[in-house]
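Letters A, B, ... mirror the listed sequences (proteins, then strands); counts begin at 1.
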Amino acid sequence: MSCSTEHIITNILRNPKRTVSVSTRQAKQLHAHIVKTKGTFHDDNILVLSLYSNLNLLHHSLHLFNSLPSPPPPLAWSSLIKCYTSHSLLHLSFSSFKSMRSLSVPANQHVFPSLLKASTLLKHHKLAHSLHASVVRLGLDSDLYISNALINMYAKFCNFSVAANAGNVFDVIPHREKFEIDSVGKIFDMMPVRDVVSWNTVIAGYAQNGMYVEALNMVRKMGNNGNLKPDSFTLSSILPVFAEYVDVYRGKEIHGYALRHGFDGDVFIGSSLVDMYAKCNRLEHSIEVFRLLPRKDAISWNSIIAGCVQNGEFDRGLGFFRRMLKENVRPMHVSFSSVIPACAHLTAMSLGKQLHGCITRLGFDDNEFIASSLVDMYAKCGNIKMARYVFDRIGKRDTVSWTAIIMGCAMHGHALDAVSLFENMLEDGIRPCYVAFMAVLTACSHAGLVDEGWRYFNTMEREFGIAPGLEHYAAVADLLGRAGRLEEAYDFISNMGVQATGSVWSTLLAACRAHKSVELAEKVVDKLLLIDPENMGAYVLMSNIYSAARRWKDAARLRIHMRKKGLKKIPACSWIEVGKEVHTFMAGDKSHPYYDKINEALNVLLEQMEKEGYVLDTNEVLHDVDEDHKRDMLHNHSERLAIAFGIISTTAGTTIRIIKNIRVCADCHTAIKFISKIVGREIVVRDNSRFHHFKNGSCSCGDYW
DNA sequence: ATAGGGTTAG
């Protein structure tokens, strides 16, 4: 026998708890030795089996288990079952247990924790309850390990936060969740002895169920009543609470504690620190913590990717995702649902499609988080058909996936689809949430569905207990304003339940412009500038309203005032992706290398457009200049330059996609309808709030925008 | 011998 083998065996025998740690190599060495000497010690094989099981060596454990004389003793069973459970072979854990019972081997306390864990992972309530009953029947319910496993099981089952948030204020918490979260506290309270695992389990249970106050209380009690110090498990469970509360000071305190106690290399603490700093808008701290992590696993990468994207740093988020792949870390579901929104915000459809390809290859298509982010991405990139395709294939739809498609339809002017999807959601028994109502109200306002919009607005509080927020009031104000019910909209905003913001008044001001009401516009602009004196949009809109009413002097007065205040108008701008490059155009911009060709194309188009009946609408020119000059200005609007460039530089028949930073003017809207027919192309224009699909002479918005 | 922690979508 080699010296080290002898040492191990002596150690194990001397240590009744057998907590010696051995390497895989040492365990195999020991096994070989026992086989060779045909068993020097009593129960040698079972000893090795427990070592193998501790090392999670399933094949070795199983092999050894099968070589034991029948029936194997309880110890062998619990080792094997533990191994199955930690390999997620949960059904094998239970079938082994059944075999064990059928061989009349008594169940002792050591076998239950693994079985409880297996039923937790399976979310098998019935099995869990029968195991709990057996534990009580056998008088094992005061066992430390079993109680810890039970607390964890009930905490994982109850999903208390989801239950509490799903219902409205008039609802009570569903019975099952109430029972389960109560069980957590009861079992913990009744334990004769508690160790650090008991405290950590109950703290994590409360934290994961959104019971933050209770979780923090338990951390305090753990030190006072329990005389135990928080360890790395405690810290990684409690950090998400400070992320949720956006409490960077307490979060930093935990970070300091982790550093002082040497926990800073822990991957679990690392990823919750990255997340905590990101949620507290301290992205640079997140990046620094991430950089200093000695070992990074997939979840650490997920945290930093999500952190960047949630802070609007889309390119950095994509950069971390690429680095993750480059370092051969396999992306998880979460990696994709974190990074896809970056493509949505950047309107990067080709990248989004590539990621969708990876998702399909990895078999992640049925993940609801990923699917919702894909629906949103396709919709925001202008491809509503693909958004619908993905949505139709979601197996389990929740309020988020429904909202994504409803908002997508709203953005694309398919208001009737949006409304019927909303009704389908209700029929499916999915309770609409705050954001879902924002989506359906937006759909109504974009299509002028005033009555439907009102109805939804009134039902949200009465039937669903959701108090309308600023976004809902804004949508209704927009709905009334666009429909020309300007005075009603004014009264509505003046009397709504929350303080109006500048942007709510801005939408009404835009409506005043569309419906040419100078008097109300003046009242609105006073309100707006009272709230937001620096709002240059207000000046620009009001000056345009004056110009449209040919009150040139008033318009000029406002422009001078703007200049004095140092406020500058954001220039209108459109862009188009051709090949891999983004081409940007400003109104009247002649700097593009192909400007001459673009101009030539525009002139040819204009000739054909006029033959088809296009008449210039100079009302949209808001300067007091002669008609020729007006004509010139309109023909050089940024979207026309971008579209002309798209026509001459892409394959005939393909869809042209343009993005614009402000609303399309009425003349351009008419012109693009003609152009789509003449060149036989679908032209998709996204402005700052929605999409227009021009096809064969008409637009999806039905000329209501 | 058996128990506990971090990340995601509209």
Side-chain angles (χ1 to χ4, degrees), chain A residues 16-19 46-47 49-51 53-54 73-82 85-86 108-117 120 140 143-153 155-156 195-205 207-208 231-240 243 263 266-276 278 297-307 309-310 332-341 344 367-377 379-380 394 398-408 433-436 438-439:
Chain A
K17 283 197 164 178
R18 298 178 180 108
T19 47
I46 293 159
L47 208 70
L49 175 56
S50 70
L51 292 178
S53 132
N54 253 339
L75 229 121
W77 290 99
S78 49
S79 297
L80 181 72
I81 290 171
K82 183 253 167 188
T85 300
S86 45
N108 67 6
Q109 70 267 38
H110 304 300
V111 76
F112 283 104
S114 304
L115 293 169
L116 289 167
K117 184 178 178 173
T120 306
L140 296 172
D143 180 87
L144 177 66
Y145 279 59
I146 290 175
S147 299
N148 289 346
L150 281 170
I151 292 172
N152 184 46
M153 185 182 77
K156 290 278 158 29
D195 67 354
V196 66
V197 177
S198 325
W199 287 94
N200 286 337
T201 308
V202 87
I203 289 165
Q208 288 160 358
D231 67 3
S232 65
F233 284 76
T234 326
L235 301 191
S236 52
S237 302
I238 210 68
L239 273 166
F263 296 141
D266 186 294
V267 268
F268 286 79
I269 294 179
S271 35
S272 44
L273 279 173
V274 167
D275 179 58
M276 184 275 293
D297 66 4
I299 297 184
S300 333
W301 286 98
N302 295 344
S303 300
I304 194 66
I305 293 165
V309 176
Q310 288 161 354
M332 306 166 51
H333 295 139
V334 180
S335 324
F336 289 101
S337 43
S338 303
V339 80
I340 298 279
N367 180 279
E368 51 184 324
F369 285 78
I370 294 178
S372 307
S373 67
L374 284 173
V375 168
D376 183 60
M377 185 274 294
K380 286 213 171 84
I394 301 178
D398 62 7
T399 176
V400 179
S401 34
W402 282 102
T403 304
I405 192 65
I406 293 168
M407 194 61 110
C433 63
Y434 190 94
V435 191
M438 281 167 55

Undergrad: Tell me whether the OP1 or OP2 atom of B:dA3 has a side-chain N or O from A:Q109 closer than 4.0 Å.
TA: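 No.
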Undergrad: Which one, B:dT8, B:dT7, B:dG5, comes nearest to the side chain of A:S338?
TA: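 Between B:dT8, B:dT7, B:dG5, the one nearest the side chain of A:S338 would be B:dT8.
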Undergrad: Let me know the distance between CG of A:L235 and P of B:dT7, rounded to the nearest Å.
TA: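 Value for this atom pair: 14 Å.
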Undergrad: Rounded to whole Å, how long is the line connecting atom CH2 of A:W402 with atom C1' of B:dG10?
TA: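 Those two atoms, CH2 and C1', are 14 Å apart.
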Undergrad: Taking the minimum atom-to-atom distance to the side chain of A:Y145, which one of B:dG10, B:dG5, B:dA3 wins?
TA: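 In terms of side-chain proximity for A:Y145, the closest of B:dG10, B:dG5, B:dA3 is B:dA3.
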Undergrad: Just by distance, with hydrogens left out, do A:D275 and A:S272 show a side-chain donor and acceptor under 3.5 Å apart?
TA: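 Short answer, no.
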Undergrad: Is a donor from one side chain sitting under 3.5 angstrom from an acceptor on the other, for A:D195 and A:S198?
TA: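 Their side chains do contain a donor-acceptor pair, which is all the 3.5 Å distance test asks for.
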Undergrad: Which nucleotide sits closest to the side chain of A:P113: B:dT2, B:dG10, B:dA9?
TA: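 Nucleotide nearest to A:P113's side chain: B:dT2.
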Undergrad: How long is the line joining CE of A:M332 and P of B:dT7, in whole Å?
TA: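 For the pair A:M332 CE and B:dT7 P, the rounded distance is 11 Å.
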Undergrad: Ignoring hydrogens and angles, does a donor from either the side chain of A:S372 or the base of B:dA9 sit under 3.5 Å from an acceptor on the other?
TA: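 Checked by distance alone, the answer is yes.
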Undergrad: Specify the separation, in whole Å, of atom CD1 of A:I304 and atom C1' of B:dT7.
TA: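 In whole Å, B:dT7 C1' lies 11 Å from A:I304 CD1.
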Undergrad: In whole angstrom, what separates A:I406's CD1 from B:dG10's C1'?
TA: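 Taking atom C1' of B:dG10 as the reference, CD1 of A:I406 is at 10 Å.
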Undergrad: Which nucleotide, B:dT2, B:dA9, B:dT7, lies nearest any side-chain atom of A:E368?
TA: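 Of B:dT2, B:dA9, B:dT7, B:dA9 is nearest to the side chain of A:E368.
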Undergrad: Taking atom types as they are modelled, would you say the side chain of A:N302 forms a donor-acceptor pair with the base of B:dG6 within the 3.5 Å cutoff?
TA: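 No such pair is found, so the answer is no.
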Undergrad: What is the distance, rounded to the nearest whole Å, between atom NE2 of A:H333 and atom P of B:dA9?
TA: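 Checked: the NE2 to P distance equals 15 Å.
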Undergrad: Starting at CG of A:N152 and ending at P of B:dG6, how long is that distance when rounded to a whole Å?
TA: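 The answer, rounded to whole Å, is 10 Å.
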Undergrad: side-chain contact (heavy atoms from CB on, under 4.5 Å) with A:T403: which residues, sequence neighbours excluded?
TA: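 With sequence neighbours excluded, A:T403 shows a side-chain contact (heavy atoms from CB on, under 4.5 Å) to A:T399, A:V435, A:A436, A:A439, given in chain and number order.
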Undergrad: State whether the distance check finds a donor on one side and an acceptor on the other, under 3.5 Å, for side chain A:D231 versus base B:dG5.
TA: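 Check fails, no donor-acceptor contact within cut-off.
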Undergrad: Closer than 4.0 Å, any side-chain N/O of A:S53 to the OP1 or OP2 of B:dT2?
TA: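 Yes, because at least one side-chain N or O of A:S53 sits under 4.0 Å from OP1 or OP2 of B:dT2.
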Undergrad: Looking at every non-hydrogen atom in both residues, tell me the closest pair between A:P341 and A:S373 and how far apart they are.
TA: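 Scanning both residues, the minimum pair turns out to be CD-CB, 4.3 Å.
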Undergrad: Nearest of B:dG5, B:dT7, B:dG10 to any side-chain atom of A:T399?
TA: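 So the nucleotide nearest the side chain must be B:dG10.
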Undergrad: When you measure from the side-chain N and O atoms of A:Q208 to the phosphate of B:dG6, is any distance below 4.0 Å, counting only OP1 and OP2?
TA: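 Yes, within the criterion.
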Undergrad: Counting side-chain heavy atoms from CB outward, which of B:dA3, B:dG10, B:dT7 is closest to A:S303?
TA: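 The closest nucleotide is B:dT7.
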Undergrad: May I ask you to say what A:N367 touches in the nucleic acid, namely base, sugar-phosphate or nothing, with a heavy-atom cut-off under 4.0 Å?
TA: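 Touches nothing.
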Undergrad: Can you find a donor-acceptor pair, distance only, under 3.5 Å between A:S271 side chain and B:dG6 base?
TA: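 Such a pair is found, so the answer is yes.
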Undergrad: Can you check whether any acceptor in the base of B:dG5 is under 3.5 Å from a donor in the side chain of A:S237, or vice versa?
TA: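 It does not, because no donor-acceptor pair links the side chain of A:S237 to the base of B:dG5 below 3.5 Å.
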Undergrad: Any N or O donor-acceptor pair under 3.5 Å from the base of B:dG5 to the side chain of A:S236?
TA: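 Donor-acceptor pair under 3.5 Å: yes.
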Undergrad: Restricting to side-chain contact (heavy atoms from CB on, under 4.5 Å), what partner residues turn up for A:A306, sequence neighbours left out?
TA: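 Once residues adjacent in sequence are excluded, the partners of A:A306 under the side-chain contact (heavy atoms from CB on, under 4.5 Å) criterion are A:Q310, A:S338.
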Undergrad: Side chain of A:V267 only, heavy atoms from C-beta on: which candidate in B:dG6, B:dT2, B:dA9 is closest?
TA: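 The nucleotide sitting nearest to the side chain is B:dG6.
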Undergrad: Scan A:D195 against the nucleic acid and name what it touches under 4.0 Å (heavy atoms): base, sugar-phosphate only, or nothing.
TA: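 Base contact.
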Undergrad: Counting only side-chain heavy atoms from C-beta out, which of B:dA3, B:dG5, B:dA9 sits nearest to A:F233?
TA: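 Nucleotide nearest to A:F233's side chain: B:dG5.
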Undergrad: What is the minimum heavy-atom distance between A:L140 and A:N108, and which atoms define it?
TA: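 That closest heavy-atom pairing would be CD1-C, 4.3 Å.
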Undergrad: Atom NZ of A:K380 to atom P of B:dG10: distance rounded to whole Å?
TA: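 It is 6 Å, rounded to the nearest whole Å.
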Undergrad: If you check every side-chain atom of A:I269, which of B:dG5, B:dG10, B:dT7 has the closest atom?
TA: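 Closest nucleotide to the A:I269 side chain: B:dG5.
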